[in-house]
Amino acid sequence: MGEWIPRRQPSGTGERVLDREFFERPAPEVAPDLLGRVLAHGPVAVRLTEIEAYGPPGSDPASHTYRGRTPRNAVMFGPPGHLYVYFTYGMHYCANFVCLPEGLGSGVLLRAGEVVRGVEAARTRRHRPSTAAPLTGPGRTVTERDLARGPARLAVALGIGREHNGADCCAGGGPDGLRVLEGEPVDSASIRCGPRTGVSSAADTPWRFWIDGDPTVSPYRRHVPRTRPG
DNA sequence: CGTGCGATCCGCT
DNA sequence: GCGGATCGCACGT
């Protein structure tokens with residue numbers, strides 16, 4: 001494989017915000033269509049290279065909505081095109097776009113991307129020496145390709161946290177708000193799919209989509225049950 | 001490059 | 001209580 005040349009700021013075209021109707025479809029249809037699109041927030045913009053789909057209640061054991069509506073997953077039952085942000089493993093945030101019409105509870109997890117704008121701002125967010133669980137320790141550098149390679153890293157790069165749960169990404173959001181841009185859709189010939197990462201059930205459902213050969217796609221990790229110290 | 005482990009909070013059973 | 005849509009680091013190959 002040839003040398004990787006990082007993309008920069010998406011040129012003029014593709015800056016339009018995606019229509020809400022884009023997300024009013026089943027998650028496994030939305031996910032591949034999102035590859036090559038751009039999520040922007042403040043100074044940082046990320047071109048999406050890897051997306052996972054999660055289905056509505058009862059249909060998908062791996063989905064946070066599988067057992068129905070709860071306070072945590074309520075946003076997933078809301079209008080499409082909004083952000084569902086959840087907290088996991090005691091230290092990480094991950095972001096999804098809500099899919100399907102209101103009331104149905106489905107979404108797509110943003111698993112990885114390439115920082116195409118605000119590389120330095122994104123890198124700065126990786127150094128959090130005062131936090132109990134820094135994503136990067138002091139004195140370490142993060143390569144550009146790793147800045148948004150993985151769902152929790154992507155959330156950090158974009159400055160997404162608890163307060164963005166429910167944010168509407170199709171509403172424009174202003175120059176500093178969260179907004180999902182058209183970007184450049186990826187040719188279907190370069191899209192691959194396979195089992196989802198890190199899920200303990202329905203691991204065989206091939207609802208993880210990525211851009212073939214893109215180095216910012218996260219490494220596949222099988223689910224491993226964890227045991228507790230003590 | 002692969003495997004193994006610890007960190008650390010929260011929702012749900 | 002238990003396990004989780006994860007990650008960085010140490011260590012072996």
Side-chain angles (χ1 to χ4, degrees), chain A residues 1 27-28 30-31 34 39 46 48-77 83-99 105-113 122-123 125-158 160-165 193-210 215-230:
Chain A
M1 201 189 303
V30 173
L34 271 172
L39 182 58
V46 170
L48 303 172
T49 59
E50 182 187 357
I51 310 267
E52 272 177 7
Y54 289 89
S59 70
D60 180 8
S63 176
H64 283 182
T65 62
Y66 183 56
R67 293 177 171 82
R69 184 174 182 146
T70 69
R72 174 167 87 140
N73 65 26
V75 167
M76 280 186 89
F77 290 82
L83 213 59
Y84 163 57
V85 180
Y86 69 91
F87 181 67
T88 192
Y89 288 100
M91 63 198 89
H92 297 306
Y93 292 97
C94 299
N96 302 247
F97 288 126
V98 175
C99 295
S106 182
V108 292
L109 171 69
L110 311 183
R111 279 206 58 89
R123 204 191 303 273
R125 291 187 173 125
R126 294 294 292 278
H127 300 286
R128 302 179 297 164
S130 62
T131 304
L135 277 175
T136 294
R140 305 244 174 195
T141 55
V142 187
T143 63
E144 188 168 334
R145 76 129 67 162
D146 283 346
L147 277 174
R149 192 182 185 213
R153 293 158 159 185
L154 183 146
V156 168
L158 281 166
I160 291 173
R162 205 180 276 295
E163 67 272 27
H164 300 105
N165 189 34
C193 72
R196 294 173 290 189
T197 302
V199 298
S200 55
S201 53
D204 50 335
T205 306
W207 282 1
R208 170 178 174 251
F209 301 86
W210 67 92
T216 65
V217 171
S218 70
Y220 177 76
R221 284 167 161 140
R222 208 178 64 252
H223 174 77
V224 279
R226 292 171 39 259
T227 52
R228 188 169 307 278

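Lettering follows sequence order; numbering is per chain, from 1. Hydrogens, waters and symmetry mates play no part in the numbers below; they use all other heavy atoms, side chains included.
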Give a yes or no answer on whether the side chain of A/D60 reaches the backbone of A/Y66 with a donor-acceptor pair at less than 3.5 Å.
no

What's the CZ-P distance between A/R222 and C/dT6, to the nearest Å?
14 Å

Working for side chain to side chain contact (heavy atoms under 4.5 Å, CB included), residues A/L39 and A/I160
CA-CA 11 Å; A/L39 182 58; A/I160 291 173; 4.1 Å; yes

Main chain of A/P215, side chain of A/R149: is a donor-acceptor contact present, judged purely on distance under 3.5 Å?
yes

Contact class for A/H223 vs. all strands (heavy atom < 4.0 Å): base, sugar-phosphate, or nothing?
sugar-phosphate

Strictly by Watson-Crick or wobble contacts shorter than 3.5 Å, is anything paired with C/dC11, and which nucleotide is it?
B/dG2

Side-chain N or O of A/T70 versus OP1/OP2 of B/dC12: is the shortest distance under 4.0 Å?
yes

Taking any heavy-atom pair under 4.0 Å as a contact, classify A/R196: base, sugar-phosphate, or nothing.
nothing

Set out, in order, the CA-CA distance, both residues' side-chain angles and the distance that settles side-chain hydrogen bond (donor to acceptor under 3.5 Å, both in side chains) for A/Y93 and A/H164, then state yes or no.
CA-CA 10 Å; A/Y93 292 97; A/H164 300 105; over 6 Å; no

It should be established whether A/R126 places a side-chain nitrogen or oxygen under 4.0 Å from OP1 or OP2 of nucleotide C/dC7.
no

B/dA7 base to A/Y89 side chain: any donor-acceptor pair below 3.5 Å?
no

Phosphate contact (B/dC10 OP1 or OP2) by A/T88 side-chain N/O below 4.0 Å:
no

Could you tell me the separation between the CG atom of A/D146 and the P atom of C/dC9, rounded to a whole number of Å?
11 Å

From the set B/dC9, B/dA7, B/dC12, return the single nucleotide nearest to any side-chain atom of A/F87.
B/dC9

For the side chain of A/R67, starting at C-beta, report the closest nucleotide among B/dT13, C/dT6, B/dC12.
B/dT13

Could you give the CE-to-P distance, from A/M91 to C/dG3, as a whole number of Å?
17 Å

Rounding to a whole Å, what distance do you find between A/H92:NE2 and B/dC9:P?
12 Å

Check whether A/T197 reaches the backbone of A/R221 with its side chain - one donor and one acceptor, N or O, closer than 3.5 Å.
no

Considering only side-chain heavy atoms of A/P151, which listed nucleotide, C/dC7, C/dG8, B/dC12, is closest?
C/dC7

Could you state the CG-P distance from A/L109 to C/dA5, rounded to the nearest angstrom?
10 Å

Does A/R111 place a side-chain N or O at less than 4.0 Å from the phosphate oxygens OP1/OP2 of C/dT6?
yes

Report the distance from atom OH of A/Y86 to atom P of B/dT8, rounded to the nearest whole Å.
20 Å

By the 4.0 Å heavy-atom rule, please label A/A152 as base, sugar-phosphate, or nothing.
sugar-phosphate

Between B/dC9 (C1') and A/R162 (CZ): distance, integer Å:
9 Å

Working to the nearest 0.5 angstrom, can you tell me the gap between A/Y86 OH and A/N165 CG?
12.0 Å

For A/R69 and B/dC12, give me the distance from atom CZ to atom P, rounded to whole Å.
12 Å

Closest-nucleotide mapping onto DNA chain C: is A/T197 or A/R153 further toward the 5' terminus? I mean the 5' end.
A/T197

